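These notes are about the structure you will find just below.
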Amino acid sequence: MNYWLMKSEPDVFGLHHLKDVKVEPWDGVRNYQARNMMRDDMKKGDIAFFYHSNCDEPGIVGLMSINCSGYPDDTAWDKNAKYYDAKSSPENPRWFRVDVKYKKTFKRTITLKELKADPELSEFKLVQKGSRLSIMPVSAKHFQHILDKL
DNA sequence: GCCAACGTTGGC
DNA sequence: GCCAACGTTGGC
């Protein structure tokens, strides 16, 4: 089983939204590195941190599980969709998504500030300079270490 | 294949 | 709202 961290802006789609709907496609990702992870590496049963970005208190707010491994993101060929991409088609899909399932809301946010201050997490991509990946792997060791902060 | 211009992300 | 960092695009 693998561990992940996935970012979302709470004003657009936050953990509270996922809690309401339980299961949701993680669509609209238009970045090749993130796509490759969803397409090739994410498996049903994997666990992911839900990270709130672009907000007052950026950080990890809870847990979800991967409910379905990667499959084509059909919003890419929906002309009315925000992330429409003319180069993607049902015959030759360029973008992929997974389904995520709500698992848990933490009692408090594990803030980015806190993660950055932890020397044991210096190798964690999230805290490294200029990291903009919206989806990233988390080692089992880092995952447990972060959970232990609660 | 280089690289300048442009767009996006996301912390602050 | 600013801007640093990074990814993508497209001319050459």
Side-chain angles (χ1 to χ4, degrees), chain A residues 2-21 24-42 46-66 69-139 141-143 145-150:
Chain A
N2 290 311
Y3 300 100
W4 306 94
L5 179 141
M6 299 168 83
K7 296 181 185 174
S8 186
E9 301 185 18
D11 292 345
V12 179
F13 186 81
L15 185 56
H16 45 287
H17 295 116
L18 183 60
K19 188 178 182 181
D20 285 343
V21 297
E24 180 79 0
W26 201 269
D27 57 23
V29 174
R30 300 291 180 263
N31 169 281
Y32 288 105
Q33 275 181 269
R35 177 205 66 181
N36 292 347
M37 287 185 270
M38 291 200 290
R39 187 187 61 187
D40 305 331
D41 302 326
M42 285 189 168
D46 285 357
I47 303 293
F49 286 130
F50 198 118
Y51 178 93
H52 279 176
S53 65
N54 232 333
C55 56
D56 286 347
E57 196 176 48
I60 298 167
V61 292
L63 289 178
M64 55 193 172
S65 60
I66 305 305
S69 58
Y71 64 101
D73 182 352
D74 64 19
T75 66
W77 52 79
D78 174 359
K79 281 202 169 71
N80 298 315
K82 187 178 175 191
Y83 297 103
Y84 171 71
D85 180 357
K87 291 171 182 161
S88 192
S89 67
E91 297 73 31
N92 192 15
R94 172 178 290 207
W95 303 112
F96 285 72
R97 65 185 176 194
V98 297
D99 288 351
V100 296
K101 185 178 184 182
Y102 175 80
K103 220 173 150 57
K104 186 173 194 175
T105 302
F106 294 152
K107 288 217 162 35
R108 67 178 186 89
T109 300
I110 304 172
T111 63
L112 177 62
K113 193 179 168 189
E114 187 179 351
L115 298 170
K116 277 186 170 170
D118 187 340
E120 285 197 45
L121 295 175
S122 61
E123 300 296 314
F124 186 27
K125 283 197 177 58
L126 181 76
V127 304
Q128 288 175 356
K129 191 180 162 190
S131 165
R132 281 174 24 189
L133 258 188
S134 63
I135 297 176
M136 68 190 78
V138 183
S139 72
K141 189 179 161 196
H142 284 167
F143 186 85
H145 182 72
I146 291 166
L147 279 185
D148 287 344
K149 292 177 178 299
L150 290 167

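Model, not experiment: these values are computed from the prediction. Labels below follow one simple rule: chain letters A, B, ... track the order of the sequence lines, proteins then strands, and each chain is numbered from 1.
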- request: Look at the side-chain N and O atoms of A:Tyr51 and state whether any lies under 4.0 Å from the OP1 or OP2 oxygen of B:dT9.
  value: no

task: Can you see which heavy atom on A:Pro119 is nearest to which on A:Ala117, and at what distance?
output: CD-O, 3.2 Å

query: Could you give the NE2-to-C1' distance, from A:His52 to B:dC12, as a whole number of Å?
result: 19 Å

query: Among residues 28-37 of chain A, which residues get a heavy atom nearer than 4.0 Å to DNA chain C?
result: A:Tyr32, A:Gln33

- request: Residues of residues 117-130 of chain A with any non-hydrogen atom less than 4.0 angstrom from an atom of DNA chain C: list those, numerically ordered, please.
  value: A:Lys129, A:Gly130

statement: In whole angstroms, the gap separating P of B:dG11 from CD1 of A:Ile60 amounts to 12 Å

Test item: A:Met6 and A:Met64 side chains (from C-beta on) under 4.5 Å apart, heavy atoms: yes

Side chains of residues 124-138 of chain A: which donor-acceptor pairs under 3.5 Å do they make with residues two or more places apart or in other chains?
residue	atom	partner	partner atom	Å
A:Gln128	NE2	A:Ser122	O	3.2
A:Gln128	NE2	A:Glu123	O	3.3
A:Ser131	OG	A:Lys125	O	3.2

message: Between C1' on B:dG10 and CG on A:Leu112, what's the gap in Å once rounded to a whole number?
response: 10 Å

task: Check the distance between B:dC12's P and A:Asn54's CG and give it to me in whole angstrom.
output: 12 Å

query: Could you go step by step and tell me if A:Leu147 and A:Phe49 meet the side-chain contact (heavy atoms from CB on, under 4.5 Å) rule?
result: CA-CA 10 Å; A:Leu147 279 185; A:Phe49 286 130; 4.1 Å; yes

field: Value in whole Å for how far the P atom of B:dT8 lies from NZ of A:Lys7
entry: 17 Å

Neighbour count above 12 (heavy atom, 6.0 Å) for A:Asp56 CG: no

statement: A:Tyr3 meets the side chain to side chain donor-acceptor pair (under 3.5 Å) criterion, sequence neighbours left out, with none

query: With a non-hydrogen cut-off below 4.0 angstrom, is A:Lys116 in contact with a base, only sugar-phosphate, or nothing?
result: sugar-phosphate

message: Restricting to ring-ring contact (aromatic ring centres under 6.0 Å, His included), what partner residues turn up for A:Phe96, sequence neighbours left out?
response: none

Identify all pairs in which a protein N or O lies below 3.5 Å from an N or O of nucleotides 1-7 of chain B, and state each distance.
none

message: Below 30° counts as parallel, above 60° as perpendicular, anything between as tilted: where do the rings of A:His52 and A:Phe50 land?
response: perpendicular

Earlier contact from the 5' end, DNA chain C, for A:Ser131 and A:Lys87: A:Ser131

query: Tell me: CG of A:Leu115 to P of B:dG11, nearest whole Å?
result: 11 Å

- request: Answer with yes or no after comparing the ring centroid distance for A:Trp77 and A:Tyr83 against a 6.0 Å cut-off, counting only values under it.
  value: no

- prompt: Quick one: do A:Asp73 and A:Arg35 make a salt bridge, cutoff under 4.0 Å?
  reply: no

query: Quick check: are there more than 12 heavy atoms from other residues, nucleotides or ligands sitting under 6.0 Å from NZ of A:Lys149?
result: yes

